[in-house]
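Inspection log for the structure reproduced underneath, given as structure tokens.
Chain letters run A, B, ... following the sequence lines, proteins first, then strands; residues in each count from 1.
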Amino acid sequence: MPGASDSLPEFDAAPLADVAQSLPRPQLVEFLEDYLASGARHLERVISFHAAKDMAGLAAEAHTLISVTGSYGLPRASAIARQLEAASKAGQTDRLAPLIDELASACRLGWDALRRRFLTP
Amino acid sequence: MNDTSSHSKVVLGVDDSPEDLGLLNLILMGAGYSFVASTPAECFNLVLRCAPRLILLDVQMPQLDGFEACRRLRSMPEARHIPIAFLTARKTRDDVKRGMDVGGNDFIIKPFERDKLLARVHHWTGRRV
């Protein structure tokens, strides 16, 4: 069943475009590589909290990912993170695994696109 | 007289997300501001040390929520007249009321949109409250 996030792009370069233009390339690479590493750790924590049935931890991590993805140009992942936060807080346990799968996919596709756009010479 | 130049105006950002602080730093420094990043625990001392023109304050922080941090900042004479804009991924009517009740001045929605963020920062760094 299509969700509201399906119409959103995996990646939008606009949020990072000005930052990318203003930073010397070595600094940009370091900044974005650090971001990609920490983004991956947030996603791992989502999966861990879900496995541990820690709903509060899952909701908090999903909340963080709303901005950690969206502010960096991943609108689809951000929308899914928002849905995941709401589902966690509402105790909708049957929705969590599918949403986490969607989120993981959206993050990986978005981060791959970010890497191709800004980090591939 | 309104001071519209961003040169050397200090903005203090309080957030538990290093990713958000890192991006705020780059956006604001690119626009000519000085940005000081802070954890919730450090912000009360940093307000005294850096005398910011604006405080950007995340709402949902595990150690100390932004509304309580705002209430404490407003109890400090040094922070009483500094504009405080909450950063939040969620803005309900109750959140707005609570934010205004504790002395906040604005809400900036996450995920950040650069132009909207800078417009709010330009607005608040030009005035006292």
Side-chain angles (χ1 to χ4, degrees), chain A residues 8 11-24 27-28 30-43 45 49 54 56-57 59-86 89 107 110-111 114 118, chain B residues 6-7 11 13-35 37-40 56-69 85-92 94-95 107-122:
Chain A
L8 294 170
F11 179 63
D12 176 1
L16 292 177
D18 286 300
V19 164
Q21 278 194 335
S22 64
L23 272 187
Q27 276 180 258
L28 177 66
E30 181 180 2
F31 177 72
L32 290 178
E33 291 285 12
D34 284 348
Y35 162 70
L36 290 169
S38 70
R41 286 193 293 272
H42 282 295
L43 192 56
R45 284 197 288 271
F49 281 131
D54 182 343
E61 204 62 46
H63 179 86
T64 298
L65 275 168
I66 294 169
S67 181
V68 167
T69 55
S71 299
Y72 283 78
L74 276 69
R76 185 184 299 177
S78 183
I80 298 168
R82 195 179 291 274
Q83 293 175 53
L84 180 59
E85 181 194 16
K89 287 182 172 177
C107 284
W111 288 331
L114 184 155
F118 291 114
Chain B
S6 62
H7 181 65
V11 176
V14 186
D15 201 314
D16 64 320
S17 164
E19 298 88 357
D20 285 347
L21 289 172
L23 189 57
L24 283 172
N25 177 52
L26 292 181
I27 292 172
L28 292 176
M29 289 188 61
Y33 293 93
S34 295
F35 182 75
S38 175
T39 64
L56 300 175
L57 184 53
D58 187 28
V59 171
Q60 193 158 322
M61 298 183 287
Q63 309 96 319
L64 177 66
D65 87 28
F67 297 136
E68 176 58 22
F86 295 107
L87 305 173
T88 181
R90 183 190 80 174
K91 182 184 167 188
T92 66
D94 285 347
D95 290 337
F107 279 77
I108 296 173
I109 301 300
K110 291 184 178 184
F112 306 121
E113 291 182 43
R114 179 185 174 276
D115 292 346
K116 288 183 181 176
L117 169 69
L118 287 177
R120 304 318 297 155
V121 172
H122 291 332

Test item: Tyr72(A) side-chain N/O and Glu19(B) main-chain N/O as donor-acceptor pair under 3.5 Å
yes
Atom pair [atom1]/[atom2] of [X] and [Y] - distance to nearest 0.5 Å:
X         : Y        : atom1 : atom2 : answer
Arg90(B)  : Ile66(A) : CZ    : CD1   : 10.0 Å
Ser67(A)  : Leu87(B) : OG    : CG    : 8.5 Å
Arg114(B) : Leu16(A) : CZ    : CG    : 11.5 Å

Proximal component of Val19(A), with respect to chain B [non-hydrogen, under 4.5 Å]
side chain
Pick from Gln21(A), His42(A), Gln27(A), Glu85(A) with the largest number of heavy-atom pairs that fall under 4.5 Å of chain B:
His42(A)
Going by residue number, which parts of residues 58-66 of chain B are within reach of chain A, meaning a heavy-atom gap below 4.5 Å?
Gln60(B)
So which of Asp20(B), Asp16(B), Ile109(B), Leu117(B) has the largest heavy-atom pair count under 4.5 angstrom toward chain A?
Asp20(B)
Arg82(A) vs Pro111(B) side-chain heavy atoms within contact, under 4.5 Å:
yes
Do Leu26(B) and Ser22(A) make a side-chain contact, defined as non-hydrogen atoms from C-beta onward lying under 4.5 Å apart?
no
Around atom CD of Glu30(A), are there more than 12 heavy atoms of other residues, nucleotides or ligands at under 6.0 Å?
no
